[in-house]
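Below you'll find the structure, written out as C-alpha cells, and then a few comments.
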Amino acid sequence: MNNKLLLESLNALLDNEPDFIVAMANTSAFIFNEIKNLNWAGFYRVVDGNLVLGPFQGKVACTRIKKGNGVCGTALKENQTILVKNVHEFPGHIACDSASNSEIVVPVKNKSGECIAVLDIDSPLLERFGEEEKEFFEGVVKILEVNL
Ligand code: SME
C-alpha cells in the first residue's frame with residue numbers, strides 16, 4: 001500500500017473514535033504492521049510536563065522520559081518533529097532497544113498547539129527515515145489530532 005492509501009486506511013480506522021487511548025493503540029499497531037523495517041512504534045504521553053509510556057508495539061521500553069532528554073524529550077521541548085538518521089550520533093539518545101539505529105519522533109498537539117504526546121518510531125536500519133517518511137508520520141499525527 002502506498003502512503004496515500006495508508007493514510008486513508010488509518011483515517012477510516014480512527015473515524016469517529018473520540019477515545020485517545022484507543023486511537024494511539026490502533027495507530028501503533030497499524031504502523032508497526034504496515035510499515036517495513038521498524039522495531040518499535042508507539043506513543044509517550046505528556047504527564048506533568050514530562051513523558052510517560054503509552055500504547056506501543058515492539059519490545060518493552062523506558063517508562064518515563066524527562067522533557068529535553070533523548071530524542072522524544074527533545075521533540076517535546078522543541079515541539080517539532082525530530083528526525084535522526086543515526087541514533088548513535090544523537091547526543092543523549094536513550095537506547096530502549098539496542099537494535100534501533102534510526103528514529104523519528106513527531107509531537108501530537110491539541111487545538112491550542114500544545115504537545116500532549118509524541119509518536120516515536122524506531123528502525124534497525126540506519127537512515128530509515130527521510131523527508132518522505134517525515135511527511136507520512138506527520139500525516140498520521142494530523143489524523144489523530146482531528147479528534148483532540
Ligand atoms: N530512543 C528514545 C527513547 C524511547 S525508545 O526508543 C522506545 C529517545 O531517545 O527518546
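Whatever order the structure lists ligands and atoms in, that order sets their numbers, starting from 1. Note that these values count all heavy atoms, side chains included, but never hydrogens, waters or copies made by symmetry.
Around the NZ atom of K85, the shell of radius 6.0 Å holds more than 12 heavy atoms that belong to other residues, nucleotides or ligands. Shown here is E8, whose CD atom has more than 12 heavy atoms of other residues, nucleotides or ligands within 6.0 Å.
For the residue pair V105 and A75, the shortest heavy atom distance occurs at CG1-CB, 3.5 Å.
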Contacts table for ligand 1: protein N or O within a distance under 3.5 Å of ligand N or O, distances only.
| from | atom 1 | to | atom 2 | distance (Å) |
| --- | --- | --- | --- | --- |
| ligand 1 | 1 (N) | H93 | NE2 | 3.3 |
| ligand 1 | 1 (N) | I94 | O | 2.7 |
| ligand 1 | 1 (N) | E103 | OE1 | 3.0 |
| ligand 1 | 1 (N) | E103 | OE2 | 3.2 |
| ligand 1 | 6 (O) | D120 | OD2 | 3.3 |
| ligand 1 | 6 (O) | D122 | OD2 | 2.7 |
| ligand 1 | 9 (O) | V71 | N | 3.0 |
| ligand 1 | 9 (O) | I94 | N | 2.9 |
| ligand 1 | 10 (O) | V71 | N | 3.0 |
| ligand 1 | 10 (O) | C72 | N | 2.9 |

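In this view, F136 satisfies the ring pair (Phe, Tyr, Trp, His ring centres under 6.0 Å) rule with no residue, not counting sequence neighbours.
With salt bridges taken as basic N to acidic carboxylate O contacts below 4.0 Å, one links E133 and R128. The residues K142 and E138 are annotated as not salt-bridged, no charged nitrogen and carboxylate oxygen being separated by less than 4.0 angstrom.
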